[in-house]
Colleague: 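Submitted below is the structure of interest, expressed as C-alpha cells.
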Amino acid sequence: MQLGDIITTRIDEVVKWGRKFSLWPMPFGTACCAIEFMGVVSSHFDISRFGAELVRFSPRQADLLLVMGTVNYKQAPILKRIYEQMCEPKWVISMGACASSGGFYDNYSVVQGIDEIIPVDVYVPGCPPRPEQLLDAVIKLQQKLQGIKEEN
Amino acid sequence: MQLALNRLKETFGDSILETHSCLGNETAVVEKEKIVEVIRFLRDTQGLEFNFMMDLAGADYPERSERFEVIYHLYSLSTKKRVRIKVRVPEANPVVPSITSLYKAANWFEREAFDMYGIRFDGHPNLKRILTFDEFEGYPLRKDYPVNKRPKIPTPDPLIKV
C-alpha cells in the first residue's frame, strides 16, 4: 500500500465528516409541516445540535432542501427550478405525507409525491411529523453521507 | 320579508324564472340575458342597495338540460340583507354575461368559475385560468372529470426561465 492512497482515503472521510455536520438547509415550506420545522430549529428541539441550524432562504447558499408541505402541479416547476439552482453536492428531505406521497390530497391538483419531480434522499412520514422525526431524518441523512448503510 | 324578491318580480316579471325564500334566505333564478340588469337593479335601487358582492360560484348538475349554474351572493351593507341570484346555462353554450362592470370583485370569481367549470363570461377583461395552470386540460370540478386523471407537470412559467 502506498502512502498517497492512505492520505486520499482519510481526506475523503474528513470531507464526509465535515459535510455531515455542516448541512445548510433551505426550507421549501408550503403547509403545516413548515410550522413543525419552526419548532425543530427553535431551542426546544434545536436542530443545531446536529449542525444543520444555518437556515438559508436562497437555494444558492444551501445544500439541503427541506420540502415541507403540499406541492401542487402549478408549483412543481418552481420546486424543480429551486432544486436546480442549488450547488452540488445537494440533498433533499421530503417532510410529511403530502410531500412524500400527496397525502390525502389524492386529486387533480396535487403532485403525488415530490419524487415525481426531484430526487429525494430521506422521506419523513407523518401529518405533520413530530419534530423528533425530522431530527431523525437529519441523522439518517448524516449516516448516508458517511456511507453507513441502514440496518433493518 | 321578501322585499328584494317582490321588487325583482315587479320590475322584471317573466325574466324571473323561479323564486324561493326560507328563513330569510332569498333566492331568485333569472334569465341569463337579464343578469347584468338584475344585479344593477339590486345594487342601485334605494332600499335594496346590495352593494357588496360576497360570492360568485359555478355548479354542475349533469342531469339537467341546462347543466351549469352560476350563483351570485349579494349583501347589503346598509340594510344587512342577503340575496342569492342564480343563472342556468346549457353545456353546448355555457356563456353568461360578465358582471365585472358592476363589481370589480367579480373578476377573479368569474375566472375561478371558468377555470373549474368552463363557464365563459362574456365581457370579462381577462378570462383565463386562475387556480390551475394555462396548459391544464379539462375542467376539474365538472362531475364527469375523471377522479384519477392527473395533469402533466407544466412547463415553467416564462418568468422563472432564465
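Both backbone and side-chain heavy atoms feed into the values below; hydrogens, waters and symmetry mates do not. Chain letters run A, B, ... following the sequence lines, proteins first, then strands; residues in each count from 1.
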Colleague: Does atom NZ of A:K74 have more than 12 heavy-atom neighbours from other groups under 6.0 Å away?
Modeller: yes
Colleague: Does NZ in B:K86 sit with more than 12 non-hydrogen atoms of other residues, nucleotides or ligands closer than 6.0 Å?
Modeller: yes
Colleague: What residues of residues 117-144 of chain B sit under 4.5 Å from chain A when only non-hydrogen atoms are counted?
Modeller: B:I130, B:L131, B:T132, B:F133, B:F136, B:P140, B:L141
Colleague: Quick check for you: among A:V111, A:I117, A:D106, which has the greatest number of heavy-atom pairs under 4.5 Å with chain B?
Modeller: A:D106
Colleague: Would you name the heavy atoms of A:Y73 and B:K152 that are closest together and state the gap between them?
Modeller: CD2-O, 4.2 Å
Colleague: Which heavy atom in B:P154 sits nearest to a heavy atom in A:P77, and how many Å separate them?
Modeller: O-CG, 3.4 Å
Colleague: Decide whether A:V92 and A:I78 are clustered together by the hydrophobic rule: side chain heavy atoms of Ile, Leu, Val, Met, Phe, Trp, Tyr closer than 4.5 Å, transitively.
Modeller: yes
Colleague: Quick check on the hydrophobic clustering: are B:V89 and B:V30 connected, directly or via other members, by side-chain heavy-atom contacts under 4.5 Å?
Modeller: yes
Colleague: Side-chain heavy atoms nearer than 4.5 Å, only ILVMFWY residues, links allowed to pass through others: does that put B:I39 and B:F50 together?
Modeller: yes
Colleague: Is there a donor-acceptor pair closer than 3.5 Å between any side-chain N or O of B:R150 and the backbone N or O of A:N107?
Modeller: yes
Colleague: Treating Ile, Leu, Val, Met, Phe, Trp and Tyr as nodes and any side-chain heavy-atom pair under 4.5 angstrom as an edge, say whether B:L17 and B:V38 lie in one connected cluster.
Modeller: no
Colleague: Treating Ile, Leu, Val, Met, Phe, Trp and Tyr as nodes and any side-chain heavy-atom pair under 4.5 angstrom as an edge, say whether B:V87 and B:F109 lie in one connected cluster.
Modeller: yes
Colleague: Within a radius of less than 6.0 Å around CD of B:E63, do more than 12 heavy atoms belonging to other residues, nucleotides or ligands occur?
Modeller: yes
